[in-house]
Protein chains: 2
Amino acid sequence: MARKNAAKRSQPFDRTRHDHARETAEDYVEAIASLIEERGVCRGADLAKHFGVSHVTVTKTVLRLKREGLAEAAPYRPIDLTAKGRRMARAAKRRHEIVYAFLQALGVSDAVAKIDSEGIEHHVSEETLKAFQRYLEGK
Amino acid sequence: MARKNAAKRSQPFDRTRHDHARETAEDYVEAIASLIEERGVCRGADLAKHFGVSHVTVTKTVLRLKREGLAEAAPYRPIDLTAKGRRMARAAKRRHEIVYAFLQALGVSDAVAKIDSEGIEHHVSEETLKAFQRYLEGK
DNA sequence: ACAAATCTTTAGCCCGGGCTAAACTAAAGC
DNA sequence: GCTTTAGTTTAGCCCGGGCTAAAGATTTGT
Ligand SMILES: [Mn+2]
Ligand SMILES: [Mn+2]
Ligand SMILES: [Mn+2]
Ligand SMILES: [Mn+2]
């Protein structure tokens, strides 16, 4: 359930701007989860610094996440994730880590692997992830 | 020359919406070049069909490409690329092909490799491409 | 030559991710 | 307790990628 048009999505060019919004959401929930883990709470200013955008941009994006049931945020309170947000964060982190390790295993430098995995992570299907993992194990 | 802040860009989170605009441009010039090659000319309607968006969206995007010196377009005339647009198309096509072949070589199915490479192509640095090519050769 | 069909543009809207400036709240310092 | 400082929200703007509806141009067919 949920997940309205699972079939129609994932065509090569079904990235109608919603795709980009989803990528942003993935990066945000991942960052929120990581900040909470690292320092107990996540504040808007931390996210602003992390992404290199203004705090205003962060506020607006967090409002969207809240609207979509991914985050919880009350005025002047730290930002938290919902169960749904935590699930998305976990999945995003897993993908990100696999892609990062895979690029390094292929011989890409750490710095570049970090940059490239940050983009690639949003575009790897489960099947491709499996292939990356196979390579990592059998390397 | 050109290329204003080459250093500052390419940080992990320097994808401030301009990145997404660039990705769109890459897909467009690649598609325009391919349509011109396949059938002599490229019309807006072809692009609309190819991307699965409305012809209006295409018009607007092509106007932006023109503004950026990538495409040439006069009212009711077919769309063409500038030298700069052709260069970008060539580079995009190359990256795309390498990523596609690489995923297939890794054992990813054709259909999924096609979908994933469509997104991944925009996020692979030259260094990562080299690594992909090494794998393809030494496979 | 004209009517119909097809293609393209224009107008006007939505949303998401950016921004600056200004107001406001909360936390520290004294 | 009051003031400064740091963090946050609000208001209002820009741009890019979407859309529909309506008008205009071109092509095609008889
Ligand atoms: Mn990530
Ligand atoms: Mn990312
Ligand atoms: Mn992307
Ligand atoms: Mn693409």
Side-chain angles (χ1 to χ4, degrees), chain A residues 5 8-9 11-29 31-32 35 39-80 118-119 122, chain B residues 5 8-9 11-29 31-32 35 39-80 118-119 122:
Chain A
N5 301 2
K8 272 272 165 85
R9 286 206 269 88
Q11 301 293 100
F13 286 113
D14 186 11
R15 86 340 336 196
T16 34
R17 193 173 62 87
H18 292 91
D19 276 28
H20 287 163
R22 178 187 42 77
E23 294 178 31
T24 301
E26 287 171 356
D27 283 338
Y28 267 72
V29 295
I32 293 168
L35 283 165
R39 70 185 69 181
V41 295
C42 168
R43 318 243 30 154
D46 303 329
L47 290 171
K49 183 166 295 181
H50 181 249
F51 290 117
V53 300
S54 78
H55 46 293
V56 181
T57 297
V58 167
T59 301
K60 220 176 130 184
T61 301
V62 169
L63 278 182
R64 171 171 74 88
L65 298 183
K66 191 177 165 187
R67 204 164 63 235
E68 294 175 352
L70 294 166
E72 284 167 0
Y76 298 97
R77 302 286 329 283
I79 296 154
D80 203 353
E118 190 59 70
H122 307 286
Chain B
N5 301 3
K8 273 272 164 88
R9 287 208 267 87
Q11 300 296 98
F13 286 113
D14 187 10
R15 104 261 66 155
T16 36
R17 195 173 61 89
H18 293 92
D19 276 29
H20 288 163
R22 179 188 41 80
E23 294 178 31
T24 301
E26 287 172 355
D27 284 338
Y28 267 72
V29 295
I32 292 168
L35 283 165
R39 70 185 69 180
V41 295
C42 167
R43 319 244 29 156
D46 303 330
L47 290 171
K49 182 166 295 178
H50 182 249
F51 290 117
V53 301
S54 78
H55 46 292
V56 181
T57 296
V58 167
T59 301
K60 220 176 130 184
T61 300
V62 169
L63 278 181
R64 171 172 75 88
L65 298 182
K66 192 177 164 187
R67 204 163 63 234
E68 294 175 352
L70 294 165
E72 282 168 359
Y76 299 96
R77 302 286 329 282
I79 297 153
D80 203 352
E118 190 59 69
H122 306 286

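Residue numbering restarts at 1 for every chain, and letters A, B, ... go by the order of the sequence lines.
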Going by distance alone, is a donor N or O of one side chain under 3.5 Å from an acceptor N or O of the other, for B/Asp19 and B/His122? no
Any side-chain N or O of B/Thr59 less than 4.0 Å from the OP1 or OP2 oxygen of C/dT8? no
Taking only the side-chain heavy atoms of B/His55 (C-beta and beyond), determine which of C/dC19, C/dG17, C/dT8 contains the nearest atom. C/dT8
Is a donor-acceptor contact shorter than 3.5 angstrom present between the side chain of B/Arg64 and the base of D/dC15? no
Measure NZ/B/Lys60 against P/D/dC15 and give the value in whole Å, please. 11 Å
Candidates C/dA26, C/dT9, D/dG18 - which lies nearest the side chain of A/Tyr76: C/dA26
Measure CG/A/Leu63 against P/D/dT10 and give the value in whole Å, please. 8 Å
B/Thr57 side chain N/O closer than 4.0 Å to the phosphate oxygens (OP1, OP2) of D/dG17? no
Atom-pair distance (CZ on A/Arg43; C1' on D/dA6), nearest Å: 11 Å
Does some side-chain heavy atom of A/Leu35 sit less than 4.5 Å from a side-chain heavy atom of A/Arg39? yes
Take atom NZ of A/Lys49 and atom C1' of D/dA6, then tell me their distance rounded to the nearest Å. 11 Å
Mind calculating the distance between OH (A/Tyr28) and P (C/dG16) to the nearest angstrom? 13 Å
In whole angstroms, the gap separating C1' of D/dG17 from CZ of B/Phe51 amounts to 12 Å
What integer distance in Å separates A/Arg67:CZ from C/dG16:C1'? 9 Å
Can you tell me how far the OH atom of A/Tyr28 sits from the CG atom of A/Leu65, to the nearest 0.5 Å? 8.0 Å
B/Asp27 side, atom CG; B/His50 side, atom NE2 - distance, nearest 0.5 Å: 8.0 Å
Using the closest heavy atom to pick a nucleotide of DNA chain D for each, name whichever of A/Gly44 or B/Ser54 lands nearer the 5' end. A/Gly44
Length of the line joining A/His20:NE2 and C/dG16:P, which is rounded to integer Å: 14 Å
